[in-house]
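Read the structure below first, then the notes.
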There are 2 protein chains.
Amino acid sequence: MSTLSPTRDPEQTRARILEAAEALFVEQGFSAVRLSELARSAGVTKSLIHHHFGSKEKLWEAVKDRAFERYFTAQMSMLEEAGEPDVALLRASVEAYFHFLRDNPGVVRLFAWAHLEGDDHYSELDAELVGAGAEWVRQAQRRGVLRADVNPTNVIAVFVMACTQWFETKSHCQQWPGMGSDAAFLEDFLTIFLEGVTPRG
Amino acid sequence: MSTLSPTRDPEQTRARILEAAEALFVEQGFSAVRLSELARSAGVTKSLIHHHFGSKEKLWEAVKDRAFERYFTAQMSMLEEAGEPDVALLRASVEAYFHFLRDNPGVVRLFAWAHLEGDDHYSELDAELVGAGAEWVRQAQRRGVLRADVNPTNVIAVFVMACTQWFETKSHCQQWPGMGSDAAFLEDFLTIFLEGVTPRG
DNA sequence: GACCTGACTGGCCGACCGGTCAATAGACAG
DNA sequence: CTGTCTATTGACCGGTCGGCCAGTCAGGTC
């Protein structure tokens with residue numbers, strides 16, 4: 001078999017580089033990562049990184065692309081599964097979003113670095129996700145399930161921002177007096193958020 | 001007069017360096033800033049930066065200290081002015097926090113960089129602010145002004161996180177379909193948040 | 001076998017990084 | 001004036017950065 005421990009396996013090499021690069025970029029951001037360190041960490045030579053990715057910048061783009069694709073497909077498939085708008089489904093969606101971020105901490109940090117650097121490569125696809133989410137909210141508003149006096153996009157924004165910021169800063173915020181676990185924060189956020197977006201009766 | 005255009009003014013020089021450094025660090029983060037660029041931008045020599053601040057790292061700390069002090073004193077004085085807990089005051093507090101961030105965009109970015117780098121120098125003072133805020137919420141809960149089934153710290157966290165993330169990502173999020181201005185987001189957030197934290201009647 | 005493609009290596013490069021240092025110059029005390 | 005202190009300068013340093021290049025080597029094709 002040709003796939004059994006070949007002395008050369010460019011695809012696996014690419015993957016090894018990407019994985020090591022993601023780990024370092026997540027931890028240190030683009031500027032602070034040294035190609036020499038990355039090469040050592042991936043077990044390849046610096047030249048090989050250039051051979052496969054062209055430059056440090058292009059490797060950074062490749063890492064971000066891969067992470068954003070994971071994010072985009074996860075959210076999109078979640079949205080496509082969504083059925084009739086009701087509050088239980090909104091709760092489930094927020095929980096799913098929260099858990100995705102919890103299970104992909106690298107994605108959160110990568111986006112944070114990318115955004116601070118002014119990267120807006122992904123705003124179009126992101127807008128697609130938000131647009132679909134807002135449309136879902138709009139339908140729920142029309143059916144009287146959610147209060148209609150708020151901008152649907154802002155409903156999405158509020159929970160996306162709260163969840164994102166929680167995972168961006170939780171190592172710091174969990175030192176706050178009285179602050180609890182992921183689950184405890186999520187529960188209280190949901191209590192406030194869901195009460196806030198449903199009509200008073 | 002000795003203060004009229006002296007050929008040497010170390011304090012002003014320090015201030016010029018600090019200001020230029022803050023601008024560059026806010027924009028690019030610690031690693032990406034080059035001392036040579038900073039020197040050019042501040043109109044001084046590289047050596048002078050070392051003379052006044054010792055090293056790039058210490059200058060970075062000085063810039064963060066100064067920004068955090070602005071943040072801390074602003075929030076603390078706001079908390080001290082706070083009177084009897086009621087919903088109108090909570091609204092005013094959220095608005096004040098939001099407007100502080102809006103008027104100090106550099107502070108938001110500086111904190112974001114610092115946090116990604118794992119800096120937790122400021123967690124103690126930050127905890128003091130949050131503790132005071134949470135205590136205010138606890139009093140409001142005891143008086144029945146706010147719902148008592150949520151952790152007071154999480155009430156603070158939710159609005160702090162939503163406001164912070166808004167200004168961290170607004171250049172990106174304002175490209176979302178249907179997304180509006182600062183004021184529009186704040187108004188919708190307040191609508192949801194205040195409805196969510198007050199007891200149903 | 002000869003041949004080609006491309007994965008892969010080690011050595012090297014110019015640029016530039018943060019930082020140092022000896023020398024200079026302005027402010028001020030006496 | 002002289003001496004002292006220090007803000008300020010420009011030349012300079014060792015180290016390391018991202019990137020390049022000539023060449024080697026494995027695998028596939030004919």
Side-chain angles (χ1 to χ4, degrees), chain A residues 1-66 113-114 117 119, chain B residues 1-66 113-114 117 119:
Chain A
M1 271 182 79
S2 64
T3 57
L4 254 188
S5 70
T7 53
R8 293 183 175 195
D9 188 337
E11 286 188 25
Q12 193 195 323
T13 302
R14 261 187 81 98
R16 285 237 310 282
I17 295 173
L18 272 173
E19 212 139 316
E22 178 165 330
L24 286 176
F25 283 139
V26 159
E27 192 57 35
Q28 311 175 7
F30 176 74
S31 300
V33 168
R34 310 294 148 194
L35 279 185
S36 53
E37 186 191 356
L38 168 53
R40 206 180 321 120
S41 156
V44 300
T45 58
K46 233 176 20 166
S47 315
L48 197 48
I49 299 175
H50 279 96
H51 175 69
H52 282 292
F53 294 95
S55 71
K56 187 187 175 188
E57 194 100 28
K58 286 180 191 164
L59 174 57
W60 174 224
E61 297 298 327
V63 166
K64 286 188 290 185
D65 283 349
R66 212 178 54 139
W113 289 116
E117 286 166 5
D119 185 346
Chain B
M1 270 181 76
S2 63
T3 57
L4 254 188
S5 71
T7 55
R8 294 185 173 192
D9 187 338
E11 285 189 27
Q12 192 195 323
T13 303
R14 261 188 81 96
R16 286 237 311 281
I17 295 173
L18 272 173
E19 212 141 313
E22 179 166 329
L24 286 177
F25 283 139
V26 159
E27 192 58 34
Q28 310 175 8
F30 176 74
S31 301
V33 168
R34 308 296 146 189
L35 245 33
S36 53
E37 187 191 356
L38 168 53
R40 206 180 321 119
S41 156
V44 300
T45 57
K46 230 175 22 164
S47 317
L48 199 48
I49 299 175
H50 280 97
H51 175 70
H52 282 292
F53 294 95
S55 72
K56 186 187 175 187
E57 195 98 28
K58 286 179 191 164
L59 174 58
W60 174 223
E61 297 297 327
V63 165
K64 286 188 292 186
D65 283 350
R66 211 178 57 139
W113 288 115
E117 286 167 3
D119 186 345

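Residue numbers start from 1 in every chain, and the chains themselves are labelled A, B, ... in the order their sequence lines are given, proteins ahead of strands.
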Between A:Glu37 and A:Gln28, does a side chain to side chain contact (heavy atoms under 4.5 Å, CB included) hold up when you go through it step by step? CA-CA 12 Å; A:Glu37 186 191 356; A:Gln28 311 175 7; 3.5 Å; yes
Rounded to whole Å, please give me the gap between [atom1] in [X] and [atom2] in [N].
X	N	atom1	atom2	value
A:Gln12	C:dC8	CD	C1'	15 Å
A:Phe53	C:dA7	CZ	P	11 Å
B:Asp9	D:dT6	CG	C1'	14 Å
A:His52	C:dT9	NE2	C1'	12 Å
A:His50	C:dG11	NE2	P	18 Å
A:Arg40	D:dG18	CZ	P	12 Å
B:Leu48	D:dT8	CG	P	5 Å

Quick check for you: among [options], whose closest atom lies nearest to any side-chain atom of [X]?
X	options	value
B:His51	C:dC8, D:dT6, C:dG11	D:dT6
B:Ser47	D:dA11, D:dA7, D:dC20	D:dA11
B:Thr45	D:dT9, D:dA7, C:dC8	D:dT9

Where along residues 24-39 of chain B does a heavy atom fall under 4.0 Å from DNA chain D? none
Name every residue in residues 56-63 of chain B that has at least one heavy atom under 4.0 Å from any atom of DNA chain D, in order of residue number, or write none if there are no such residues. none
Test side chain to side chain contact (heavy atoms under 4.5 Å, CB included) applied to B:Phe53 and B:Trp60, step by step: CA-CA 9 Å; B:Phe53 294 95; B:Trp60 174 223; over 6 Å; no
Is any N or O donor-acceptor pair between the side chain of [X] and the base of [N] shorter than 3.5 Å?
X	N	result
B:Thr13	D:dT8	no
B:Lys46	C:dG19	yes
A:Ser55	D:dG19	no

Working note: B:Leu38 + B:Val44, criterion side chain to side chain contact (heavy atoms under 4.5 Å, CB included); need CA distance, chi angles, decisive distance, verdict. CA-CA 9 Å; B:Leu38 168 53; B:Val44 300; over 6 Å; no
Donor-acceptor pairs under 3.5 angstrom involving side-chain atoms of residues 15-22 of chain B: please list them, not counting sequence neighbours.
unit_1  : atom_1 : unit_2  : atom_2 : d
B:Arg16 : NE     : B:Ala42 : O      : 3.2
B:Arg16 : NH2    : B:Ala42 : O      : 3.0
B:Arg16 : NH2    : B:Gly43 : O      : 3.4
B:Glu22 : OE1    : B:Arg66 : NH2    : 2.9
B:Glu22 : OE2    : B:Arg70 : NH2    : 2.7

Any side-chain heavy atom of A:His51 sitting closer than 4.5 Å to one from A:Leu48? yes
Carefully, step by step, assess B:Arg40 and B:Arg34 under the rule side chain to side chain contact (heavy atoms under 4.5 Å, CB included). CA-CA 10 Å; B:Arg40 206 180 321 119; B:Arg34 308 296 146 189; over 6 Å; no
Hey, is the main chain of A:Asp9 close enough, under 3.5 Å, to the side chain of A:Thr13 for a donor-acceptor pair? yes
Under 3.5 Å, side chain of A:Lys56 to main-chain N/O of A:Phe30, donor-acceptor pair present? yes
Between A:Ala39 and A:Lys46 the two heavy atoms that sit nearest each other are CB-N, 3.7 Å
